[in-house]
Amino acid sequence: MAERPEDLNLPNAVITRIIKEALPDGVNVSKEARRAISQAASVFVLYATSCANNFALKAKRKTLNAGDVLAAMEEMEFERFLEPLREALEVYKKDQKGKKEVSEQKRKDKEKKNDSENDKSREDEEEEEQRMEEPEEEADEEEVEN
Amino acid sequence: MAATVETSLPAEIDSARCGTEEEENRGLEMEEKSQQQTGSTGPTVPHSRLSKLPLARIKALMKTDPDVSLASQESVFIIAKATELFVEMIAKDALVYAQQGKRKTLQRKDLDNAIEAIDEFAFLEGTLD
């Protein structure tokens with residue numbers, strides 16, 4: 001079931017909340033304006049994705065990474081986003097790292113009971129996606145850390 | 001959700017957009033602080049809470065581009081976050097036009113005006129219904 005861009009919208013409730021938090025109290029937003037902003041947000045995702053993808057392709061990578069997106073933001077003239085995005089990324093990375101450690105610990109505990117060979121092959125599969133990211137990200141690390 | 005933080009913005013809207021940058025940063029910081037407090041006991045904070053927009057939906061949108069093969073989790077997250085910032089930005093910029101028209105309700109035409117006037121929104125021209 002292929003999803004077309006037109007079918008995929010961002011949740012109205014979330015868009016509305018973001019708008020309300022950005023605007024001062026007492027300001028209302030018409031339904032049409034809200035719908036337009038939601039549509040604009042979807043277009044933004046597509047445009048940013050396409051732009052970021054160009055950077056990935058230029059670097060001969062098949063996986064889009066965070067650095068590509070940051071480069072896209074600059075290209076799209078949204079430099080003002082770079083700082084908050086980098087900060088958010090740091091928090092996100094730490095959070096992901098914490099989760100990974102927990103799941104690895106759980107797996108180690110399981111290993112004591114199960115056959116260690118079976119678990120190892122499972123571990124490799126799950127970490128493949130992560131591993132794929134790491135070497136690519138190193139190349140762009142300079143950008144992200146700045 | 002207790003994580004919703006109502007950042008009180010100054011009553012005066014700076015028509016020069018440079019002023020909004022600080023507010024945006026403050027908004028983000030406060031959001032993260034409250035999340036760290038609620039989820040501090042461990043990895044019980046779902047990563048999607050760092051982003052208000054659902055990452056699965058963002059990823060699905062990204063994948064409609066035939067040229068995109070794979071996207072790292074981080075890239076999906078960054079795009080989600082950037083989209084959030086974009087929504088904040090366009091709402092604030094449109095508000096300026098509503099205020100010029102002495103209105104307290106943001107209307108579609110305010111969006112259209114902002115898109116026409118602001119360079120960064122040029123990519124939106126002709127894309128909205």
Side-chain angles (χ1 to χ4, degrees), chain A residues 3-5 8 10-11 14-15 17-19 21-24 26-30 32-33 36-37 39-50 52-53 57 62-66 68-70 73 76-78 80-81 83-85 87-89 91-93 95-96 98-99 102 132-133 137, chain B residues 4-9 11 13 21 24-25 27-28 32 42-43 45 47 50 52-54 57-58 60-62 64-65 67-75 77-79 81-92 94-95 98 104-108 110-111 119-120 123-124 127-129:
Chain A
E3 313 217 52
R4 299 171 304 152
L8 287 165
L10 299 167
V14 180
I15 295 287
R17 182 150 67 98
I18 298 173
I19 296 173
E21 285 178 9
L23 301 178
V27 171
N28 293 316
V29 185
S30 77
E32 292 79 22
I37 292 181
Q39 256 189 313
S42 296
V43 176
F44 176 83
V45 171
L46 295 171
Y47 182 36
T49 299
S50 174
N53 199 43
L57 291 176
K62 286 203 170 162
T63 306
L64 245 176
N65 65 26
D68 298 326
V69 179
L70 291 172
M73 289 300 121
M76 290 161 67
E77 292 177 55
F78 285 107
R80 65 210 334 249
F81 290 176
E83 196 53 51
L85 285 179
E87 284 174 22
L89 181 61
V91 180
Y92 179 75
K93 278 189 188 172
D95 187 60
Q96 290 300 95
K99 270 207 230 128
V102 165
M132 266 170 68
E133 294 167 31
E137 274 178 34
Chain B
T4 307
V5 177
E6 209 72 50
T7 43
S8 51
L9 295 168
I13 294 291
E21 238 180 319
E24 276 168 21
N25 284 338
L28 268 174
E32 264 131 349
V45 178
H47 65 79
L50 284 176
K52 291 175 177 142
L53 294 161
R57 195 82 70 93
I58 298 278
L61 248 178
M62 288 167 72
T64 59
D65 185 331
D67 295 331
V68 173
S69 4
L70 288 168
S72 73
Q73 273 187 308
E74 283 178 7
S75 68
F77 169 75
I78 300 277
I79 292 212
K81 209 62 196 170
T83 306
E84 223 178 283
L85 296 174
F86 168 79
V87 170
E88 286 173 11
M89 180 177 162
I90 201 167
K92 285 176 183 169
L95 181 64
K104 283 202 155 178
T105 299
L106 210 65
Q107 286 172 9
R108 169 61 196 262
D110 301 320
L111 258 315
D119 287 338
E120 288 95 309
F123 72 93
L124 289 169
T127 62
L128 308 181
D129 288 340

To the closest 0.5 Å, what do you measure between [atom1] ([X]) and [atom2] ([Y])?
X        : Y         : atom1 : atom2 : value
Tyr92(A) : Leu50(B)  : OH    : CG    : 8.0 Å
Ile37(A) : Arg108(B) : CD1   : CZ    : 10.0 Å
Met73(A) : Glu120(B) : CE    : CD    : 12.0 Å
Glu77(A) : Asp119(B) : CD    : CG    : 6.0 Å
Lys93(A) : Phe77(B)  : NZ    : CZ    : 11.0 Å
Glu74(B) : Leu70(A)  : CD    : CG    : 10.0 Å

Closest heavy-atom pair and its distance - [X], [Y]:
X         : Y        : answer
Ala88(A)  : Lys81(B) : CB-CG, 4.0 Å
Ser72(B)  : Thr63(A) : N-CG2, 3.7 Å
Thr105(B) : Ser30(A) : CG2-N, 3.8 Å
Pro24(A)  : Leu95(B) : CD-CD2, 3.8 Å

If we define contacts as heavy-atom pairs under 4.5 Å, which of Val68(B), Asp110(B), Ile58(B) has the most with chain A?
Val68(B)
Could you tell me which of Glu32(A), Met76(A), Gln39(A) has the largest number of non-hydrogen atom pairs under 4.5 Å with chain B?
Gln39(A)
Which one, Asn53(A), Leu57(A), Ile19(A), leads in non-hydrogen pairs under 4.5 Å with chain B?
Asn53(A)
Within the 4.5 Å heavy-atom criterion, are [X] and [Y] side-chain neighbours or not?
X        : Y        : value
Phe78(A) : Met89(B) : yes
Arg57(B) : Leu8(A)  : yes
Asp68(A) : Ser75(B) : no
Thr64(B) : Thr49(A) : no

Where on [X] is there a heavy atom nearer than 4.5 Å to chain A: the side chain, the backbone, both, or neither?
X        : value
Ile90(B) : side chain
Asp65(B) : side chain
Ile78(B) : both

Under 4.5 Å from any heavy atom of chain B - which part of [X]:
X        : result
Tyr47(A) : side chain
Val14(A) : side chain
Val69(A) : side chain

In sequence, state the C-alpha distance, the side-chain angles, and the governing distance for Ile18(A) and Leu53(B), and then conclude on side chain to side chain contact (heavy atoms under 4.5 Å, CB included).
CA-CA 9 Å; Ile18(A) 298 173; Leu53(B) 294 161; 4.3 Å; yes
